[in-house]
J.: 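Got a structure here, written out as structure tokens. Questions coming.
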Amino acid sequence: MDERGTRVREALRGQRIETPSWGYGNSGTRFKVFTRPGVPRDPWEKIEDASVVHRLTGVAPSVSLHIPWDTVEDYAELAKHAADLGVQIGVVNANVFQDDDFKLGSVTHPDPGVRRKAVDHLRHCVDVMDATGSRDLKLWFADGTNYPGQDSIRARQDRLSEALHEVYGRLGDDQRMLLEYKLFEPAFYTTDVPDWGTAYAHCLTLGERAQVVIDTGHHAPGTNIEFIVAVLARAGKLGAFDFNSRFYADDDLMAGAADPFQLFRIMHEIVVADVLGPDSGVTFMLDQCHNIEQKIPAVIRSVQNVQEATAKALLVDTDELAAAQASGDVLAANAVLMDAFATDVRPMLRELREEQGVDPDPVAAYHRSGHQTRIETERVGGEQAGWGA
Ligand code: PSV
Ligand code: MN
């Protein structure tokens, strides 16, 4: 094997992808949440499903929590449960968007009492991090307005900044704040953190341990996401990804399903910035909902899609690319990228899996494993976990 081949395999062996607890629960749109037999009824069962994905893929050793959806009495016990199953608790996602008090906003609400309640929840999420050993607090705010004049855009930025500073001050030295942005929804006129620029500006005033999260579904159609990746990575402010696919709005479909070429271009910028490895500080998470498909195989498929995009990005011949770029050979430079993208990396990934002692076809292995039949038989009674619970 040539030197590049060895490096590609080495990088792929070290790749880590985090899965979301809510990806295992029932989900839907505002029109309907469909239920499915075997879906977890609590955070313990969600973690069990995440551990199955890790066992079958070998590259998904952590699971993101969502508070309050994953509220338990004893978080240390939950972390132990995860460890017993061979995974760990990853990012803690705060939820200040599903309480009646937050109708007009959470940390940017005009009423200081509501803002206090929201900030207290964010501080509580840091308590959960302390108890579970999680390093990252992820903040996404549904805050915004629906009508011009509804509230002061500027005052809301001041309130946001004040809240972020208080929570940042609560973090331990090894903990980070990851600030996520989203163009619109549920607010339709202004959103308080609508784009990477706003998130970046706030992170700059907070400090080194505040970084931006790029959720691939949170942009206007046609946005060049890899440009954002390049700029944030260069500034040392790229903290994490929430991978998913969109055709129209925030569709939360399987990563790499709508546009594998976009995912490849994103991973190319990651490789260029040399921030692929687990020590790079960039966390690669999935944030998706499986509304009509089986959950666990869909998560596995997403993990594989991210692996495939990464493998193709690693295969880009960087020497040839640099030479073509330096000589202004536009077509040759583009051809280098397209050659890598057109490579069928599936045989290499199958080989790598075999080397690592996992089945070369994790989805087939899942169907053979009996896990689906077992959970459908055992997980009866109680209430299934779903988006929002
Ligand atoms: C919001 O749309 C988001 O992308 C945030 O990451 C949330 O935490 C997640 O979805 C689940 O609602
Ligand atoms: Mn997200």
Side-chain angles (χ1 to χ4, degrees), residues 17-30 33 40 43 46 50 62-71 89-99 102 105-107 118 121-122 124-125 128-129 134 136-144 167 176-188 191-196 198-199 211-220 223 225 228-229 232 238-256 258 263 266 282-291 295 298-299 302 306 385-389:
I17 299 160
E18 180 163 317
T19 71
S21 67
W22 57 98
Y24 300 100
N26 285 325
S27 60
T29 64
R30 65 181 184 277
V33 171
K46 291 181 199 172
S62 58
V63 52
S64 315
L65 296 186
H66 209 294
I67 306 296
W69 299 347
D70 295 323
T71 299
I89 304 300
V91 174
V92 172
N93 290 251
N95 179 329
V96 279
F97 52 86
Q98 282 183 314
D99 189 296
F102 298 142
S106 62
V107 293
H121 174 72
L122 305 184
H124 168 66
C125 288
V128 173
M129 291 160 69
S134 161
D136 295 327
L137 173 68
K138 185 160 129 238
L139 303 180
W140 173 71
F141 298 108
D143 296 40
V167 178
R176 297 190 302 173
M177 176 187 280
L178 302 174
L179 184 56
E180 182 173 354
Y181 58 90
K182 174 166 158 170
L183 177 62
F184 83 105
E185 198 199 22
F188 292 123
T191 295
D192 294 320
V193 191
D195 52 28
W196 72 271
T198 309
Q211 291 178 305
V212 180
V213 185
I214 299 179
D215 182 313
T216 47
H218 286 188
H219 307 86
T223 300
I225 300 176
I228 302 169
V229 174
L232 287 177
L238 178 60
F241 282 97
D242 269 6
F243 283 129
N244 51 51
S245 285
R246 53 164 285 153
F247 284 102
Y248 300 104
D250 187 19
D251 304 344
D252 281 336
L253 299 173
M254 292 186 291
L263 188 54
I266 289 171
V282 180
T283 305
F284 298 87
M285 300 173 290
L286 305 178
D287 173 11
Q288 35 191 57
C289 295
H290 306 292
N291 302 346
K295 322 277 171 197
V299 177
S302 306
V306 176
W387 200 93

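As the structure lists them, so they are numbered: ligands from 1, and atoms in each ligand from 1.
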J.: Considering all heavy atoms of both residues, which atom of Ala255 and which atom of Leu286 are nearest to each other, and what is their separation?
T.: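 In terms of heavy atoms, the two residues are closest at CB-CD2, 4.2 Å.
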
J.: Do Tyr24 and His290 get their side chains close enough for a donor-acceptor pair, meaning under 3.5 Å?
T.: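 Their side chains do not contain a donor-acceptor pair, so the 3.5 Å distance test is not met.
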
J.: Should the pair Phe97 and Trp69 be assigned to parallel (<30°), tilted (30 to 60°) or perpendicular (>60°) ring geometry?
T.: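 The rings of Phe97 and Trp69 stand perpendicular, inter-plane angle above 60°.
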
J.: Using atom types as modelled and distance alone, determine if a side-chain donor or acceptor of Glu18 lies under 3.5 Å from a backbone N or O of Val91.
T.: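 Yes, because the side chain of Glu18 sits within donor-acceptor range (under 3.5 Å) of the backbone of Val91.
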
J.: Do the ring planes of Phe243 and Phe241 sit parallel (below 30°), tilted (30 to 60°) or perpendicular (above 60°)?
T.: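 Plane angle under 30°, so parallel.
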
J.: Would you list the protein N, O or S atoms within less than 2.8 Å of the Mn ion (ligand 2), leaving out water?
T.: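 Within the sphere that stays under 2.8 Å of the Mn ion (ligand 2), the protein atoms of type N, O or S are Glu180 OE2, Asp215 OD2, Asp242 OD2, Asp287 OD2.
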
J.: Would you check ligand 1 and list the protein residues that come within less than 4.0 Å of it by any heavy atom, ordered by chain and number?
T.: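 Shell around ligand 1 (4.0 Å, heavy atoms): Trp22, His66, Trp69, Asn93, Phe97, Lys138, Trp140, Glu180, Lys182, Asp215, His218, Asp242, Asp250, Asp287, Trp387.
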
J.: Is there a donor-acceptor contact under 3.5 Å linking the side chains of Asp251 and Asn244?
T.: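 No, no side-chain donor-acceptor contact under 3.5 Å.
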
J.: Going from OG1 on Thr19 to NZ on Lys46, what distance comes out if it is rounded to the nearest 0.5 angstrom?
T.: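 Rounded to the nearest 0.5 Å, the OG1-NZ separation comes out at 11.5 Å.
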
J.: Consider only side-chain N and O atoms of Asp287 and Trp22, and report whether a donor and an acceptor are under 3.5 Å apart.
T.: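 Looking only at side-chain atoms, Trp22 and Asp287 do form a donor-acceptor pair, the distance falling under 3.5 Å.
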
J.: Which distance, rounded to the nearest 0.5 Å, do you find between the CG of Asp195 and the NE2 of His218?
T.: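 It comes to 13.0 Å.
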
